[in-house]
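Remarks on the structure that follows.
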Amino acid sequence: MTIEQTLQELTAQAVKTLYNLTIDPHTVTVNDTPKNFVGSYTVVVFPYTKAAAKNPEQVGKEIGQYLTDNLVFAQDFNVVKGFVNIELTNAYWLQTFTHIIHHENYGQAPASGKKIALEYIGPNTNKPLHLGHIRNMFVGHAVAAILQANGHEVHKVNIYNDKGINISKSMAAWVHAGNGATPQSAGLKGDHFVGYYYVLYNKIATQQAAPYREQGMEPLEAEKLTPIYALAQQFTQEWEQGKPSVRQLWQTMNGWVYEGFAETFNMLGISYEKAYYESECYELGKKLVLEGLANGAFFAKPDGSVWADFTNEGLDQKVLIRNDGTSVYITQDIGVADLRYHDFTPDQLIYVVGDEQIYHFKVLKLTLQKLGKPYANLIYHLYYGMVDLPEGKMKSREGKVVDADDLIAEMLQTAEEQTRELGKTEGMNPHQAQQLYKILGLGALKYFILKVNAQKRLLFNPRESIDLQGHTAPFIQYSYARIRSILRKFNQNFLLPNYPINHLHPQEIDLITEISRFRQAIHTAAETYDPSVIANYAFTLAKSFNKLYADLSVLNNPDEQTNTFRVALAYTTARTLKNALHLLGIDVPERM
RNA sequence: GAUCCCAUAGCUCAGUUGGAUAGAGCAACUGCCUUCUAAGCAGUAGGUCAUUGGUUCGAAUCCAAUUGGGAUCGCCA
């Protein structure tokens, strides 16, 4: 039982004994005592003043006394208004700390038996990754790690939207204007190479559509009349028919893209256990839809298209198979869900996908319910907000995007410049220095994105480089590196079973308190699927250590016991910082 | 038109199941490196928690309305 739970139980007992009021211990509010008051935990007693028929101050004193009398670890208490602040004994803190230092994986929950399949990344194969994917990857990776730390079995999977009109557009432009070029001949990363032709397609289509638009036609309609669109459309149909030359070209261009993606994933430390491909799932999706049509879950329109009706659920009708018999986006997701369910038999299917698709996943869930699938209710759409540029939302078609690879390169460069400026590379060989730039640059980028609650929109200004000071990953990494430096200097065994320290410094207690919160932080982050909980936790812990470091000496105290104890405390802090950052996919340097 | 999301310091964000005087970082200003790494620490200044009403001992937090911003409602993905 945690100390909070103990305090809840005892408060319920106190209320029963003192005022003959029976309450559920879970309803007792126990908070961390704010910094400007004395104490560690605070019990709120306002709710019991009526039953006690006394003022809050009086009730606080009585309950405080009861708690102090009945809790071994209670040292003292004070009452401010209706708040009872409990001070705990040094013995409690030492015991807490001893427990943590002996548990390398403190914070990790025991196995829950819950199995989760988590989908993330989900790129289209017609263009390179951008800042939106970066947020997706960081959030997905972090949430997976956090759920794992909370005891769940997590299977990370990816989905490639590898077929359809957008890929056909890149193909059409390449056939139209590529002259047999390859990424090698063009000197481009594969995904950028294919993306170049996607942008080129849009240029050509815009040019060809100009006369129609001048007649007042909508751009989307005008595009459909262009020869380049006709070619893309033709590829799409021939692809569905399985025409070998089209399949061959498709495979080649997708192959280039996958090579490019792999490089970026590798750079970012992003991985997945299994990839699904739309091209391999849409037929299963169609089959399931047709089964639904046969058993009356869906209906057909006169033109042959297949629909689901959600008007009873307050939504619209939704097309599932087009009148030409081809599948739409949701059709593949039906097939993917089915495959994934049978691959992993998970207890939950998490989809890390942007909030623009909230409606899509609502419909997907309802569609699977209509099909009577057991996994319909396992679906959880973990959505994140769009990334805004100062000018507004990113738009791929207009080339208004922040490219992932460019951004990574800029971060490494920023990290290098600042590191050199501070003269931190002294004594490092070029390889070590490069490693450090990467740890710091990518750490700063990941932290910048993950410290914001994933569901909120994120503002990114490409003209202002991401800070390396303040509320950032390097701040936390710096605390870690400082501690590593101390440990190198100390160079003795400090894992003693007992610390005969009678006078714990308040800042030492603060730090132990902060370290001990890691378990709760993981729990909260997992429950809310929110990496920012961990990001903020790590920052608070680092700050707490930095303050102690500035005010007290860790290893230059006159008495050896204090040195040993503080080094152990620093060691545990570093370990916790490292573990916390690891959950965010962020590395730590030994020196910086 | 309908559904959903958001609104906290100049800027970017925290703020637990409702709890004390709403907190950080950046930017501005002031101190602190002969002692363990100054990517740090301490301090000053900065707020009508969008507005109004309601529930409550207590509301940034819950409810309603209003205002402003955004997303979605494609035989795009």
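Source: prediction; values computed, not measured.
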Side chain of A:Arg457: nearest nucleotide among B:A71, B:A14, B:G19? B:A71

Check the angle between the aromatic planes of A:Tyr282 and A:Trp239 and answer parallel, tilted or perpendicular using the 30° and 60° thresholds. tilted

Report the residue (A:Thr419 or A:Val30) whose heavy-atom-nearest nucleotide on RNA chain B is the more 5′ of the two. A:Val30

Below 4.0 Å: OP1/OP2 of B:A39 and any side-chain N or O of A:Lys424: yes

Span that lies between the P atom of B:G15 and that of B:C75, in whole angstrom: 39 Å

Are the ring of A:Tyr329 and the six-membered base ring of B:C76 within the stacking cut-offs of under 5.5 Å and under 30°? no

Watson-Crick or G-U wobble partner of B:G18, both distances under 3.5 Å: none

When you get a sec, tell me which of B:C57, B:C41, B:C13 is the closest nucleotide to the side chain of A:Lys50? B:C57

Judged by modelled atom types alone, do A:Glu223 and A:Tyr201 share a side-chain donor-acceptor pair under 3.5 Å? yes

Looking at A:Ser485, I'd like to know whether one of its side-chain N or O atoms comes within less than 4.0 Å of OP1 or OP2 on B:U37. yes

If the plane angle is over 60° it's perpendicular, under 30° parallel, otherwise tilted; pick one for A:Phe448 and A:Phe460. perpendicular

Of the listed B:A39, B:C75, B:G19, the closest approach to the A:Ser305 side chain comes from B:C75

Choosing from B:C75, B:U37, B:A20, which nucleotide comes nearest the side chain of A:Val80? B:A20

When the distance from OH of A:Tyr383 to C1' of B:A71 is rounded to whole Å, what number comes out? 11 Å

Is the phosphate of B:U37 approached by A:Lys489 (side-chain N or O, under 4.0 Å from OP1 or OP2)? yes

Roughly how far apart, to the nearest Å, are B:A7 and B:A50 at atom C1'? 6 Å

Say you pick atom C1' in B:C33 and the same atom in B:G40; how far apart are they, in whole Å? 10 Å

Against the side chain of A:Asn166, the closest entry in B:C6, B:A77, B:U21 is B:A77

Check whether any side-chain N or O of A:Lys35 sits under 4.0 Å from OP1 or OP2 of B:U21, and answer yes or no. no

Taking the side chain of A:Thr29 as its heavy atoms from C-beta onward, which of B:C36, B:U17, B:A20 lies nearest to it? B:U17

Once you measure the plane-to-plane angle for A:Tyr537 and A:Phe518, does it fall in the parallel (<30°), tilted (30-60°) or perpendicular (>60°) bin? parallel

Once rounded to the nearest 0.5 Å, what's the spacing between atom CG of A:Asn126 and atom CG of A:Asp162? 11.0 Å

Would you indicate which nucleotide in B:G19, B:A77, B:G40 comes nearest to any side-chain atom of A:Asn546? B:G40

Side-chain N or O of A:Lys362 less than 4.0 angstrom from OP1 or OP2 on B:U3? no

Say you pick atom C1' in B:G46 and the same atom in B:U12; how far apart are they, in whole Å? 15 Å

With centres under 5.5 Å and planes under 30° as the test, does A:Phe46 stack with B:G58? no

Please determine whether a side-chain nitrogen or oxygen atom of A:Lys127 lies at a distance below 4.0 Å from atom OP1 or OP2 of B:A77. no

Closest to side chain of A:Tyr359, choosing from B:U72, B:C75, B:A71: B:U72

Report yes or no: do A:Gln413 and A:Glu417 form a side-chain donor-acceptor pair below 3.5 Å? yes

Do we count A:Phe539 as stacking onto B:A24 if the rule is ring centres under 5.5 Å and planes under 30°? no

Ring-base stacking, A:Tyr478 with B:G40 (5.5 Å, 30° cut-offs): no

Quantified in whole Å, what is the C1' atom distance between nucleotide B:C6 and nucleotide B:A60? 14 Å

Of the listed B:C41, B:A20, B:G74, the closest approach to the A:Ala550 side chain comes from B:C41

Nearest of B:G19, B:U21, B:C6 to any side-chain atom of A:Phe37? B:U21

Determine the Euclidean distance between corresponding P atoms of B:U21 and B:G68; express it in Å to zero decimal places. 35 Å

Under 4.0 Å: is that the gap between some side-chain N or O of A:Lys547 and OP1 or OP2 of B:A42? yes

What do you reckon, are the aromatic ring centroids of A:Phe361 and A:Tyr351 less than 6.0 Å apart? yes

